[in-house]
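Chain identifiers are assigned alphabetically (A, B, ...) following the order of the sequence lines, protein sequences preceding nucleic acid strands; residue numbering begins at 1 within each chain. Predicted model only: the values in this text are computed from it and were never measured.
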There are 2 protein chains.
Amino acid sequence: MSSSTTSSNRQDYLKAILSLELRGLKASTSAISEKLSTQPASVTGMLRVLSGNDLIEYIPYQGAKLTLEGRDEAIFLLRKHRLWETFMVEKLGFGWDEVHDVAEQLEHVDSQKLISKLDAFLGFPRFDPHGDPIPDSQGVLADRSTLVGVNEIALGKTASIRGVLSSSDSFLKHLDDLGIKLGLQFTVVKVFEYDGSYQVKVGMSEEVWSKKLVEQLLAEVKSQVDNDNI
Amino acid sequence: MSSSTTSSNRQDYLKAILSLELRGLKASTSAISEKLSTQPASVTGMLRVLSGNDLIEYIPYQGAKLTLEGRDEAIFLLRKHRLWETFMVEKLGFGWDEVHDVAEQLEHVDSQKLISKLDAFLGFPRFDPHGDPIPDSQGVLADRSTLVGVNEIALGKTASIRGVLSSSDSFLKHLDDLGIKLGLQFTVVKVFEYDGSYQVKVGMSEEVWSKKLVEQLLAEVKSQVDNDNI
DNA sequence: TCTAATATTTAGCCATGCCTAATCTTTATG
DNA sequence: CATAAAGATTAGGCATGGCTAAATATTAGA
């Protein structure tokens with residue numbers, strides 16, 4: 001189906017390197033080893049292999065850089081991961097804090113056709129349940145700058161949740177407990193400062209969003225690079 | 001998620017053994033090796049391992065038998081395989097001749113919860129697109145004896161396609177070409193003998209079902225054991 | 001700049017699963 | 001029942017991808 005011949009294992013390395021590059025960090029041996037929970041010595045061995053396959057450029061002691069080919073493959077993994085997460089949340093009713101580990105497995109299923117059909121089935125979503133952009137079939141990432149923080153919404157306006165800036169399990173669980181889901185429509189009822197930060201009261205029910213929640217939602221879009229859901 | 005700790009590789013062995021047992025054959029070294037396209041010597045090695053894990057009973061030169069535990073695991077694989085196939089055909093619009101290989105990968109994804117949610121999403125189907133029964137969450141296989149062959153349907157009656165008795169790619173492709181899909185409703189217009197076999201003309205369009213098709217659909221349910229879609 | 005701390009690589013090993021060749025067992029046949 | 005053919009197992013390797021310990025580079029601090 002797909003032309004990929006890279007093993008699931010090696011794909012994990014490509015993902016780890018992409019994740020580092022996306023946030024502007026150097027893909028050093030130790031950074032990769034930490035991401036994958038392997039020993040640095042193991043990473044060195046794999047970097048040699050990936051380099052031999054022209055998936056990365058690797059100079060000893062200097063870290064790794066994805067080649068175009070390696071980047072394409074890593075982006076496709078990202079696409080698969082985020083489409084599967086979207087599927088699980090939107091269609092199967094998973095909580096968005098539950099889907100990462102399973103998507104981690106699903107993304108290694110090798111079939112171009114499966115993914116393009118899944119994409120169509122989901123209505124070609126541009127963002128996943130965490131609000132992270134889903135690469136399209138050409139590997140292009142949507143621009144998230146069209147999204148605004150909750151604090152930017154005028155009083156009385158109606159909007160809906162498209163994503164969050166942190167995908168820590170505890171935070172997502174917290175949102176679930178508050179009844180806040182992806183796609184939820186709400187009206188801004190009141191915005192006020194509290195304890196040096198914002199509180200936003202919305203019309204979806206009587207809850208006042210917690211301070212922590214608002215902080216997360218207020219964060220600048222550029223802080224997104226800290227959130228890799230890869 | 002799932003309690004399974006059996007590697008994908010070993011799972012393939014369990015599936016192969018189940019497939020043989022379901023059709024009443026002995027799970028001999030050579031039979032397994034043929035199913036998996038490995039060398040007999042490799043099978044011997046793996047049977048030792050599986051036996052050590054109490055997934056099979058293995059007596060050298062005597063073949064393998066699944067233990068209860070091994071059988072449960074193999075049945076769960078069958079369940080996953082057939083649910084994924086159903087998903088791909090019913091929801092994603094795949095042809096039923098295209099889904100086997102991908103399901104082969106998807107079935108190794110390890111999450112009980114994913115499968116029970118998928119099952120619910122599909123409406124707890126009892127048969128997959130090939131008409132093979134899908135084990136329920138308790139591992140119980142539905143009884144296919146409620147299905148009847150096309151020749152058993154009285155003239156003028158309406159029925160719908162629930163499955164076929166052969167899942168060879170060429171046959172499924174042939175059905176697709178004729179516009180015959182799972183769930184298709186039709187009315188029996190005419191049944192007649194031709195060249196020693198049956199032809200059935202149905203009201204779905206002007207096609208006369210081909211001799212080969214009719215033979216397949218006429219076969220007795222008990223011949224199902226020849227058809228393993230595992 | 002020289003050294004100490006940190007990062008990286010090399011060397012040597014282990015486990016998983018596969019393979020071929022050689023050596024049994026079992027089964028089938030005269 | 002003896003023996004050949006067929007089937008199964010053991011022995012010895014190979015590739016992948018991990019690990020630890022030891023050696024070597026790089027970087028940071030005095």
Side-chain angles (χ1 to χ4, degrees), chain A residues 4-17 19-21 23-66 70 73-74 77 104-105 107-108 110, chain B residues 4-17 19-21 23-66 70 73-74 77 104-105 107-108 110:
Chain A
S4 169
T5 187
T6 312
S7 79
S8 166
N9 233 312
R10 294 173 191 188
Q11 290 182 348
D12 287 337
Y13 278 86
L14 296 180
K15 279 197 323 172
I17 297 167
S19 157
L20 290 163
E21 290 188 353
R23 67 173 78 179
L25 300 176
K26 200 176 74 171
S28 66
T29 299
S30 54
I32 297 168
S33 85
E34 178 156 5
K35 269 205 165 295
L36 298 177
S37 301
T38 58
Q39 293 305 116
S42 309
V43 174
T44 299
M46 186 59 87
L47 293 187
R48 286 200 174 299
V49 172
L50 294 175
S51 175
N53 290 346
D54 291 321
L55 293 165
I56 62 170
E57 275 173 59
Y58 168 59
I59 305 170
Y61 296 99
Q62 307 262 103
K65 276 197 196 14
L66 291 170
E73 186 152 350
L77 287 163
E104 202 76 8
Q105 297 180 63
E107 74 192 5
H108 291 300
D110 179 30
Chain B
S4 168
T5 186
T6 312
S7 78
S8 165
N9 231 312
R10 294 175 191 189
Q11 290 181 348
D12 287 337
Y13 278 86
L14 296 180
K15 279 197 324 171
I17 296 167
S19 157
L20 290 163
E21 289 188 353
R23 68 173 78 177
L25 301 176
K26 201 175 72 172
S28 65
T29 300
S30 53
I32 297 168
S33 84
E34 178 157 4
K35 267 203 166 299
L36 299 177
S37 303
T38 58
Q39 293 306 116
S42 309
V43 174
T44 299
M46 186 58 86
L47 293 186
R48 285 200 175 299
V49 172
L50 294 175
S51 175
N53 290 347
D54 292 321
L55 293 165
I56 62 170
E57 276 175 59
Y58 168 59
I59 305 170
Y61 296 98
Q62 307 260 105
K65 277 196 199 5
L66 291 170
E73 186 153 351
L77 288 164
E104 201 77 9
Q105 297 180 61
E107 74 192 3
H108 292 299
D110 180 30

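One side chain, B:Thr6 or B:Glu73, offers a donor N or O that lies under 3.5 Å from an acceptor on the other. For the 3.5 Å distance criterion, the side chains of B:Glu57 and B:Ser51 fail to qualify, holding no donor opposite an acceptor.
Rounding to the nearest 0.5 Å gives a distance of 11.5 Å between CG of A:Leu20 and NZ of A:Lys26. In this structure, OG in A:Ser7 is found 5.5 Å from CE in A:Met46, a value given to the nearest 0.5 Å. Interatomic distance, B:Ser30 OG to B:Lys35 NZ, rounded to the nearest 0.5 Å: 12.5 Å. Distance check: B:Tyr13 OH to B:Ile56 CD1 gives 10.5 Å after rounding to the nearest 0.5 Å.
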Listed pairs, N/O of protein and of nucleotides 18-21 of chain C, under 3.5 Å:
| unit_1 | atom_1 | unit_2 | atom_2 | d |
| --- | --- | --- | --- | --- |
| C:dC18 | OP1 | B:Asn9 | OD1 | 2.7 |
| C:dC18 | OP2 | B:Tyr13 | OH | 3.1 |
| C:dC19 | OP2 | B:Gln39 | N | 2.9 |
| C:dC19 | OP2 | B:Ser42 | OG | 2.7 |

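OP1 or OP2 of C:dT9 lies within a sub-4.0 Å distance of a side-chain N or O belonging to A:Thr29.
Residue contacts shown for B:Thr44 include a base, since a base heavy atom lies under 4.0 Å away. Contact annotation for B:Ser30: backbone-only contact, meaning every heavy-atom pair under 4.0 Å involves sugar-phosphate atoms and none involves a base.
No side-chain heavy atom of A:Tyr61 sits under 4.5 Å from any side-chain heavy atom of A:Thr44. Taking the side chain as every heavy atom from C-beta outward, B:Thr38 and B:Asp12 never approach each other to under 4.5 Å. The closest side-chain heavy-atom distance from A:Lys15 to A:Arg10 is not below 4.5 Å.
Taking a 4.0 Å limit (strictly below) on heavy-atom distances, residues 47-61 of chain A reaches DNA chain C at A:Arg48, A:Tyr58, A:Pro60, A:Tyr61.
Once you apply a 4.0 Å limit to the heavy atoms of chain B, the touched nucleotides of DNA chain D run 5' to 3' over D:dG7 to D:dT10.
The main-chain N or O of A:Leu66 is found under 3.5 Å from a side-chain atom of A:Glu21 such that the two form a donor-acceptor pair.
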